[in-house]
Amino acid sequence: MRKTVREAARATRQLAPAAVLSFGSYLFVTVLLIGAIGAVSVVAIGLLPETVLLVRRIAGAKRRMVAAWTGQEIPEAYLPVEGTVRERVRTVVRDPGTFTDLRWMVAYYAYGWLPFLAIPLWPLGLLVDGVCCGLLRREAVVLPLIGRLADLDAKWSTALLKPSPKAELAVRVEELTETRAGAIAAHGAELRRIERDLHDGTQARLVSLSMRIGLAKRAYDRDPEAARRLLDDAQDQAEEALTELRHVVRGIHPPILTDRGLAGAVRALAASSGLDVAVTVDGLEDADSERDGARAPAAVEAAAYFVVAESLTNAAKHSGAEWAEVGLVRTGKGLRVTVRDEGRGGAQEGGGSGLLGMRRRVAALDGTLRLTSPVGGPTVIEVELPCVW
């Protein structure tokens with residue numbers, strides 16, 4: 001009997017906020033219907049986006065209630081409501097998630113009375129089940145119905161609030177549009193960086209090299225020693241230009257990735273970092289493992305390499321940490337990269353940290369980047385890159 005009462009009390013705690021939400025939905029749907037009648041006016045149409053956003057919040061509250069009861073999250077699929085009033089109205093009207101929420105709210109207007117049935121079940125259940133369990137030694141009959149009411153409410157809400165394939169597709173298209181714009185912006189920034197490095201560095205040295213060779217040719221007959229010094233300087237300029245060209249090439253696609261693979265390249269980064277870096281590798285091998293299919297695609301390896309390189313650079317410059325950890329894990333659906341340092345924390349996207357560029361590079365491959373950096377540390381950057389092994 002005690003177990004039955006505890007389970008019924010738990011179901012009641014689930015149904016109580018549902019009853020409050022149901023009562024609120026009755027009032028809101030009534031107001032919504034009145035507002036729909038007046039939607040022919042410009043003012044009412046202008047209020048439509050705010051009304052839809054309110055409906056989203058109500059539906060989100062119901063999703064959280066159901067998730068707390070069932071242990072399963074109900075995904076959301078909404079288009080962002082931004083821009084001018086006309087754009088916001090167009091978005092909410094075309095968003096399939098709007099009709100999903102409205103369908104649920106209208107249906108909830110009908111089945112929202114379920115939580116109120118728990119009120120008469122409690123005194124009846126304590127009486128009947130008390131006799132059945134206490135005197136007759138039988139199982140409870142009435143109080144378990146409260147849990148079934150909660151199950152039924154959650155089941156119907158899950159079926160109605162689950163986003164349709166059309167809504168998921170619309171959100172997916174919106175995400176791909178944003179990541180495409182981010183990839184184009186990152187690509188443009190990378191091209192400008194390469195152009196700047198070539199113009200300010202390599203090109204200037206090549207011009208200086210050409211001038212020194214010309215001066216050496218003119219001075220060769222009358223002053224061989226001066227010509228030799230000019231040629232020595234020209235050779236130094238050529239070597240410096242080659243060094244800068246290698247630096248530019250490494251910024252495009254590090255050759256060490258081709259030679260050693262991602263694991264070896266990350267170990268080289270760790271060795272050259274100003275921090276004491278520990279590298280752990282799970283499921284990846286060195287470059288010769290390509291025959292066994294253990295290497296990720298070149299674009300994924302390059303993105304992972306730059307994430308590690310930028311993270312270690314930020315840690316060395318800004319965190320004040322003395323050591324860091326880098327983890328490379330091969331998962332069933334891709335590659336997970338984790339960089340952790342025990343610095344002062346407080347890292348944010350912006351301020352020249354390079355985190356925005358990292359996020360764009362990862363998003364271009366349909367990956368995700370999570371940053372955790374509370375004040376006082378630690379700072380953890382976790383990247384998931386999908387790929388086929």
Side-chain angles (χ1 to χ4, degrees), residues 1-33 51-79 95-172:
M1 183 63 182
R2 291 181 180 178
K3 181 179 179 181
T4 303
V5 172
R6 285 197 300 269
E7 292 178 352
R10 177 173 174 267
T12 303
R13 287 194 298 270
Q14 170 68 18
L15 292 172
V20 175
L21 185 64
S22 175
F23 180 75
S25 68
Y26 291 152
L27 297 178
F28 184 79
V29 169
T30 304
V31 175
L32 189 64
L33 292 175
T51 305
V52 171
L53 291 176
L54 180 57
V55 173
R56 288 185 181 183
R57 285 192 286 270
I58 296 174
K62 186 60 179 178
R63 287 187 177 94
R64 290 189 292 273
M65 292 179 189
V66 173
W69 177 253
T70 63
Q72 296 181 350
E73 298 288 339
I74 303 178
E76 294 184 353
Y78 296 125
L79 295 178
D95 187 1
T98 300
F99 299 97
T100 299
D101 289 349
L102 291 178
R103 180 190 62 184
W104 163 77
M105 182 157 284
V106 173
Y108 201 57
Y109 196 83
Y111 76 88
W113 50 267
L114 287 176
F116 297 99
L117 293 179
I119 298 175
L121 287 177
W122 264 107
L124 181 62
L126 291 176
L127 177 61
V128 175
D129 292 339
V131 174
C132 290
C133 298
L135 299 179
L136 303 179
R137 302 297 181 182
R138 295 181 180 179
E139 294 183 357
V141 177
V142 179
L143 288 179
L145 294 178
I146 299 177
R148 294 178 185 177
L149 287 176
D151 292 337
L152 188 60
D153 177 80
K155 182 179 179 180
W156 287 353
S157 298
T158 301
L160 291 169
L161 289 173
K162 184 178 180 181
S164 64
K166 185 177 180 181
E168 293 178 341
L169 179 61
V171 173
R172 182 60 176 159

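These numbers come from the heavy atoms of this one structure, side chains and all, not from hydrogens, waters or symmetry mates.
- Among all heavy-atom pairs drawn from Tyr78 and Ala59, the shortest one is OH-CB, 4.0 Å.
- For the residue pair Val66 and Ser157, the shortest heavy atom distance occurs at CG2-CB, 3.8 Å.
- Heavy atoms only, all atoms of each residue included: Asp101 and Leu161 are closest at OD1-CD2, 4.1 Å.
- Sorted by first and then second residue, the salt bridge (charged side-chain N to carboxylate O under 4.0 Å, His left out) pairs involving residues 107-128 (not counting sequence neighbours) form an empty list.
- Here the closest heavy-atom approach between residue Thr98 and residue Val52 is recorded as OG1-CG1, 3.7 Å.
- In terms of heavy atoms, Gly60 sits closest to Glu76 at CA-OE2, 3.8 Å.
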Donor-acceptor contacts, no H, no angles, side chain residues 140-155, under 3.5 Å, sequence neighbours left out:
residue: Asp151; atom: OD1; partner: Trp69; partner atom: NE1; Å: 2.7
residue: Asp153; atom: OD2; partner: Lys62; partner atom: NZ; Å: 2.6

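- When every heavy atom of Pro75 is checked against every heavy atom of Pro163, the shortest pair comes out as O-CD, 3.2 Å.
- By the 4.5 Å heavy-atom criterion applied to side chains, Trp104 and Val55 are not counted as neighbours.
- In this structure Arg103 satisfies the side chain to side chain contact (heavy atoms under 4.5 Å, CB included) test together with Thr100, Leu160, sequence neighbours excluded.
- By the 30° and 60° cut-offs, the orientation of the rings of Tyr108 relative to Tyr111 is perpendicular.
- Going from atom OG1 of Thr158 over to atom CZ of Arg63 covers 10.0 Å, rounded to the nearest 0.5 Å.
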